[in-house]
Amino acid sequence: MTLPDSGQLAGLHQALDQWFAETARDLPWREPDCSPWGILVSEVMLQQTPVVRVLPVWLDWMERWPTPAHLADEPSGAAVRHWGRLGYPRRALRLHAAAVAMREQHDGQVPDNYIELLGLPGVGNYTAAAIAAFAFGRRETVVDTNIRRVHARLISGSALPAPALTAGEMRLADALLPDDRELSVRWNASVMELGAMVCTARSPKCADCPVRSSCAWLAAGEPPPSYVPKGQSWHGTDRQVRGAVMAVLREAVTPVPREMFEQAPADLGFAPSGVGIPLAALHRLNSAPEQLERALAGLLVDGLAEMHDGGLRLPA
DNA sequence: GATCCGTGGAT
DNA sequence: TATCCAAGGAT
């Protein structure tokens, strides 16, 4: 790996800055009038979730809960319900907890610095830096999966970053970050955008890349990854069962009796209100009783569900 | 540091 | 059809 000298680095900064100005997507959380709260919500929703799926839910949330206090005034189950099918519903729970924390400890405002942001539920290393940079214009070392991949190819000459974030990657990101505060904010956004739109994990569009002439990976002849990413299993897992149960709870207007999860409604002699389809999907999984038990217990422990009147419901 | 935690579009 | 993988965080 060869670090660019200061002149080369300035060239990279300039090239990506221009590329971003010309081609970046118009996303509502990038609008100048978007509130810090809107940016915070977008960052949490975007964790492990593509932009196209986030957009409609984010718009709904902003209309429904325009400030942290609006969300904090609701039961946490409302956040989970309106999270819809974004996935990882714990994020909704933590977003609600973060809203409560902001109301109780930050005068209802989104904290404007990395340290305090990091103290919010569901806000980790990446998200704290991203909010500090994009909502408050701070110079932060933002490192997400896109930025890691761009750095790996452009500077390190490897096809993919290491399986887990390393200290070396953070040092590299520090070294590449423009000294100028405003430029550093745009640099973070543009490297991320490049990774999302051009320097993608599979079949990168190198012909469209504004810095392809500087790319160490291209110069090395596009060597293949040095390891095989291990896939996320899904079928037959507890996660799949949890997901199916959550789909039922999101649709339910009243608590869903326990037996309903184990037995078809028809066999119980009555139909549930509005949960027919997700309930059928759950039953189609035909999971073992102990697996269903684990899933339900896990959801209760995590606070994604609660018992009420002998049934299960989202926290009210 | 390894695991767990959802979902669905793309390939 | 099966696998990949997306603006990670918490434990």
Side-chain angles (χ1 to χ4, degrees), chain A residues 24-25 27-30 38-58 80 83-95 97-98 117-135 140-150 159-167 173 185 188-197 199-205 225 227-250 278 281-282 285 294-295 297-299 301-305:
Chain A
R25 295 166 290 179
L27 301 173
W29 45 85
R30 284 179 176 165
I39 290 172
L40 186 155
V41 171
S42 80
E43 288 299 343
V44 174
M45 288 184 172
L46 286 164
Q47 291 167 3
Q48 302 282 283
T49 309
V51 166
V52 286
R53 293 231 310 283
V54 165
L55 268 171
V57 182
W58 184 87
V80 175
W83 194 252
R85 304 187 65 81
L86 275 189
Y88 291 149
R90 295 194 287 196
R91 292 182 293 164
L93 216 50
R94 292 182 178 135
L95 210 31
L117 284 164
L118 197 55
L120 296 174
V123 176
N125 207 318
Y126 159 75
T127 305
I131 297 169
F134 302 139
E140 301 284 345
T141 305
V142 178
V143 178
D144 78 323
T145 187
N146 289 309
I147 290 177
R148 293 184 63 210
R149 188 173 53 251
V150 172
L160 294 174
L165 179 62
T166 66
V185 173
N188 282 325
S190 59
V191 176
M192 206 179 309
E193 182 79 355
L194 187 73
M197 302 304 292
C199 197
T200 50
R202 285 186 294 178
S203 47
K205 304 167 181 63
Y227 68 98
V228 283
K230 76 172 197 184
Q232 314 158 335
S233 58
W234 173 249
H235 288 286
T237 63
D238 288 4
R239 301 166 77 172
Q240 186 183 30
V241 179
R242 283 172 59 115
V245 171
M246 287 303 296
V248 173
L249 297 185
R250 279 196 303 270
L282 171 62
L285 295 181
R294 270 202 311 276
L299 291 173
V301 167
D302 289 350
L304 283 165

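Excluded from the calculations below are hydrogen atoms, water molecules and symmetry mates; all remaining heavy atoms, backbone and side chain alike, are included.
Heavy-atom distances to DNA chain C give each of A:Gly122 and A:Gly195 a nearest nucleotide, and the one nearer the 5′ end belongs to A:Gly195. The nearest heavy atom of DNA chain C to A:Pro121 and to A:Leu46 marks one nucleotide each, and the one closer to the 5' end goes with A:Leu46.
Across every non-hydrogen atom of A:Ala173 and A:Val143, the tightest pair is CB-CG2, 3.7 Å. Closest approach of A:Arg30 to A:Ala24, counting heavy atoms only: NH1-CB, 4.0 Å. A:Ile39 and A:Phe134 make their closest contact through CD1-O, 3.5 Å (heavy atoms, listed as atom of the first residue, atom of the second, distance). When all heavy atoms of A:Leu118 and A:Asn125 are compared, the closest pair comes out as CD1-N, 3.7 Å. Nearest heavy atoms, A:Ala244 versus A:Leu285: CB-CD1, 3.7 Å. Closest heavy-atom contact between A:Pro121 and A:Ala97: CG-CB, 3.8 Å.
Between A:Arg94 and C:dG8, a side-chain N or O to OP1/OP2 separation shorter than 4.0 Å is absent. Remark: A:Thr145 is not in phosphate contact with C:dA7, judged by side-chain N or O atoms under 4.0 Å from OP1 or OP2.
Rounded to the nearest Å, the gap between the P atom of C:dG9 and that of B:dG8 is 22 Å. B:dA2 and C:dA7 are spaced 23 Å apart, taking the C1' atom of each and rounding to whole Å.
Across all strands shown, A:Gly124 has heavy atoms under 4.0 Å from sugar-phosphate atoms exclusively, and none from any base. Across all strands, A:Ile147 comes closer than 4.0 Å to no nucleic acid atom at all (heavy-atom distances). Residue A:Arg25 is classed as a base contact, given a heavy-atom separation below 4.0 Å to a base. Across all strands, A:Trp83 comes closer than 4.0 Å to no nucleic acid atom at all (heavy-atom distances). When heavy atoms are screened at a 4.0 angstrom cut-off, A:Leu299 is found touching no nucleic acid atom at all. Within 4.0 Å (heavy atoms only), A:Ser42 reaches no atom of the nucleic acid at all. The residue A:Ala130 sits apart from the nucleic acid: no heavy atom pair falls under 4.0 Å. Backbone-only engagement by A:Arg149 is indicated by non-hydrogen atom pairs under 4.0 Å involving sugar-phosphate atoms exclusively.
We find that CG of A:Leu120 is positioned 13 Å from C1' of C:dG9, with the value rounded to whole Å. Rounded to a whole Å, the CG atom of A:Leu40 is 15 Å from the P atom of C:dG8. Between the C1' atom of C:dG8 and the CG atom of A:Leu118 lies a distance of 13 Å, rounded to the nearest Å. A:Tyr126 has its OH atom 18 Å from the C1' atom of C:dA10, to the nearest Å. One can place CD of A:Gln47 at 16 Å from P of B:dT7, the figure rounded to the nearest angstrom. Rounded to a whole Å, the CZ atom of A:Arg91 is 10 Å from the C1' atom of C:dG9. When the C1' atom of B:dG6 is taken as reference, atom CG of A:Leu282 falls 15 Å away, rounded to whole Å. One atom, CD of A:Gln240, and another, P of C:dA2, lie 13 Å apart when rounded to the nearest Å.
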### Task
Apply the test side-chain contact (heavy atoms from CB on, under 4.5 Å) to residues A:Trp58 and A:Leu86: give CA-CA distance (whole Å), side-chain angles for both, the deciding distance (0.1 Å), then the verdict.
CA-CA 10 Å; A:Trp58 184 87; A:Leu86 275 189; over 6 Å; no
### Query
Under the side-chain contact (heavy atoms from CB on, under 4.5 Å) criterion, do A:Thr127 and A:Leu40 qualify, and how do the steps go?
CA-CA 8 Å; A:Thr127 305; A:Leu40 186 155; 5.8 Å; no
### Message
Using the rule given for side-chain contact (heavy atoms from CB on, under 4.5 Å), can you reason through A:Leu194 versus A:Asn146, listing the C-alpha separation, both sets of side-chain angles and the distance that settles it, and then say yes or no?
### Response
CA-CA 8 Å; A:Leu194 187 73; A:Asn146 289 309; over 6 Å; no
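Between atom OG of residue A:Ser42 and atom CG of residue A:Leu55 there is a gap of 10.0 Å, rounded to the nearest 0.5 Å. Atom CD of A:Gln48 and atom CZ of A:Arg91 lie 8.0 Å apart (nearest 0.5 Å). For the atom pair CD (A:Gln47) and OG1 (A:Thr49), the distance works out to 8.0 Å, reported to the nearest 0.5 Å.
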Output a table of nitrogen or oxygen pairs between the protein and nucleotides 2-5 of chain B separated by less than 3.5 Å.
{"residue": "B:dT3", "atom": "OP2", "partner": "A:Lys230", "partner atom": "NZ", "Å": "3.2"}
{"residue": "B:dC5", "atom": "O4'", "partner": "A:Arg90", "partner atom": "NH2", "Å": "2.7"}
{"residue": "B:dC5", "atom": "O2", "partner": "A:Arg90", "partner atom": "NH2", "Å": "3.4"}
{"residue": "B:dC5", "atom": "N3", "partner": "A:Tyr88", "partner atom": "OH", "Å": "3.4"}

Could you list all N or O pairs between the protein and nucleotides 9-11 of chain B that sit under 3.5 Å apart?
none

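Under 3.5 Å, the side chain of A:Thr49 and the base of B:dG6 form at least one donor-acceptor pair of N or O atoms.
Listed for the A:Asn188 side chain is a donor-acceptor partner under 3.5 Å among the backbone atoms of A:Glu140.
For A:Trp234, whose side chain is taken as the heavy atoms from C-beta onward, the closest listed nucleotide among C:dA6, B:dG6, C:dG8 is B:dG6.
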### Task
Kindly express the pairing pattern of DNA chain C in dot-bracket notation, using | wherever a base pairs with another strand and counting only Watson-Crick or G-U pairs under 3.5 Å.
.|||||.||||
